[in-house]
S.K.: 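Pasting a structure here, questions to come.
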2 protein chains.
Amino acid sequence: MDSEHREKDGERAGVLRRLMAAGRANSAVTVMFHSAVAAKQGLNATEEKTLDYLERRGPLTAKDLAELTGLAPASVTGLVDRLEAKGFVRRVKHPTDKRRVLVELDQEKIAEFAVFFEDWARDVAAACEEFSTPELETVIRFLTVMTERQQRASARLSES
Amino acid sequence: MDSEHREKDGERAGVLRRLMAAGRANSAVTVMFHSAVAAKQGLNATEEKTLDYLERRGPLTAKDLAELTGLAPASVTGLVDRLEAKGFVRRVKHPTDKRRVLVELDQEKIAEFAVFFEDWARDVAAACEEFSTPELETVIRFLTVMTERQQRASARLSES
DNA sequence: GTCCTTAGTTCGACCGAACGAAGTATTTGC
DNA sequence: GCAAATACTTCGTTCGGTCGAACTAAGGAC
């Protein structure tokens, strides 16, 4: 290995180290931000998770929520009661099966809190002015790759 | 505004939109990963937060922890009891003031769980091979800027 | 040296969130 | 059309985590 290679490798290693540090710091702050939002909404972790499922998958039955959250049916009843009392969701009739209860988001309530995200979105956009479009494309590619990897790492961690 | 500008603006807007989406997805997964790690360690949110403070600031007194976590003194006693029972921290004598109790991390226990992070670090390093060194520099710069902004956004959210 | 303050613990109580078991309503299978 | 299965709720209980009040031990002031 010639000296040029050694130098390149050293630089690369340093960059990786700094990237790790930056990623770690960013994760810590992301978690804080998330829990600050939850606190603002007056929601606990379970309730937050439930709203997240509903946002991604649309209306779900109590049974679906039980499976997704890992809670007992009785606990889901309580969970939905709380979310309904706070105005985040509604119980609606299932179109074909009268035994089932569909839980759907109250879009108005969600919009109430969207204000904070718009604030944050403006912040992000402002920060992006320091970056060229190709640079942002690189960032998007990076985030996408990492999201997918971390997703798998989470799953591995949870199951084993 | 000529057609070239219009096109550039449109492209930029699209990139920003995709960046937001990528960032949002990444945040969601980060939070999941974090809670998966906590579950693996058998820690709740408060305990996790406490360990984080100890990692960043070194040994702290019970009073310090009470202020940082916002808990009552009695609750801190319980919190430290639990962390001590699980082997994550130790109570040690304060060098000058015998009333005080210093809480310090058990580095061996921390190292036990570092394995999972090494796994993840390898994963990250592997994913980074798809990126040139200058690209990674861009990512670092982006993460750093965003971390700082999100930090401030969290603080604003928490206080108001 | 005595009194007041400070640091932390113990104790009893409380609350939110989870659970299992039993109950109701509805659908499915034969 | 009746029995078994399914979806959800109700009820009583339990448990973890927090709290305030009272207590102990150790500094600090004068």
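In what follows, chains are A, B, ... by sequence order, proteins preceding strands, each numbered from 1.
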S.K.: Taking DNA chain D as the partner, which of residues 46-82 of chain A come within under 4.0 angstrom of it by heavy atom?
M.R.: T61(A), A62(A), K63(A), P73(A), A74(A), T77(A)
S.K.: Any salt bridge (charged side-chain N to carboxylate O under 4.0 Å, His left out) involving residues 22-35 of chain B? Give me the pairs, sequence neighbours left out, ordered by first then second residue.
M.R.: E55(A)-R24(B)
S.K.: With heavy atoms of chain A within less than 4.0 Å as the criterion, where does contact along DNA chain C begin and end?
M.R.: dA17(C) to dT27(C)
S.K.: Could you check which residues of residues 86-97 of chain B get a heavy atom under 4.0 Å from DNA chain C? Sort them by number, please.
M.R.: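 Per residue number, the list reads R91(B).
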S.K.: Answer yes when E137(A) and R141(A) have at least one side-chain N-carboxylate O distance shorter than 4.0 Å, and no when they do not.
M.R.: no
S.K.: Using 4.0 Å as the upper bound for N to carboxylate O, is an ion pair formed by E47(B) and R82(B)?
M.R.: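 Yes, this pair counts.
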S.K.: Could you list the cluster mates of L102(B)? Members are the ILVMFWY residues connected by side-chain heavy atoms closer than 4.5 Å, either directly or through other members.
M.R.: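 Its cluster mates, by chain and number, are V92(B).
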S.K.: Once you round it to whole Å, what is the distance between C1' of dG28(D) and CZ of R100(B)?
M.R.: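 Nearest whole value for this atom pair: 12 Å.
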S.K.: Atom NZ of K98(B) to atom P of dA26(D): distance rounded to whole Å?
M.R.: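 Rounded to the whole Å, the gap is 7 Å.
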S.K.: Just N and O in the side chain of N44(B): are any of them under 4.0 Å from OP1 or OP2 of dG17(D)?
M.R.: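 Indeed, a polar side-chain atom of N44(B) lies that close.
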S.K.: Are there over 12 heavy-atom neighbours, none belonging to K86(B), within less than 6.0 Å of that residue's NZ?
M.R.: yes
S.K.: Salt bridge between D123(A) and R156(B), side-chain N to carboxylate O under 4.0 Å?
M.R.: yes
S.K.: Indicate yes or no: does R100(B) engage D97(B) in a salt bridge with an N to O separation below 4.0 Å.
M.R.: yes
S.K.: If you measure from the Lys or Arg side-chain nitrogens to the Asp or Glu carboxylate oxygens, is any gap between E118(B) and R122(B) under 4.0 Å?
M.R.: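 The answer is no: the pair does not qualify as a salt bridge.
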S.K.: What is the ring orientation for W120(A) with F33(A), classed by angle as parallel under 30°, tilted 30 to 60°, or perpendicular over 60°?
M.R.: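 Because their plane-to-plane angle lies in the 30° to 60° range, the rings of W120(A) and F33(A) count as tilted.
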S.K.: Which residues pass the side-chain contact (heavy atoms from CB on, under 4.5 Å) test with V80(B), sequence neighbours left out?
M.R.: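 In terms of side-chain contact (heavy atoms from CB on, under 4.5 Å), with neighbours along the sequence ignored, V80(B) is linked to L65(B), V76(B), V89(B), R91(B), V103(B).
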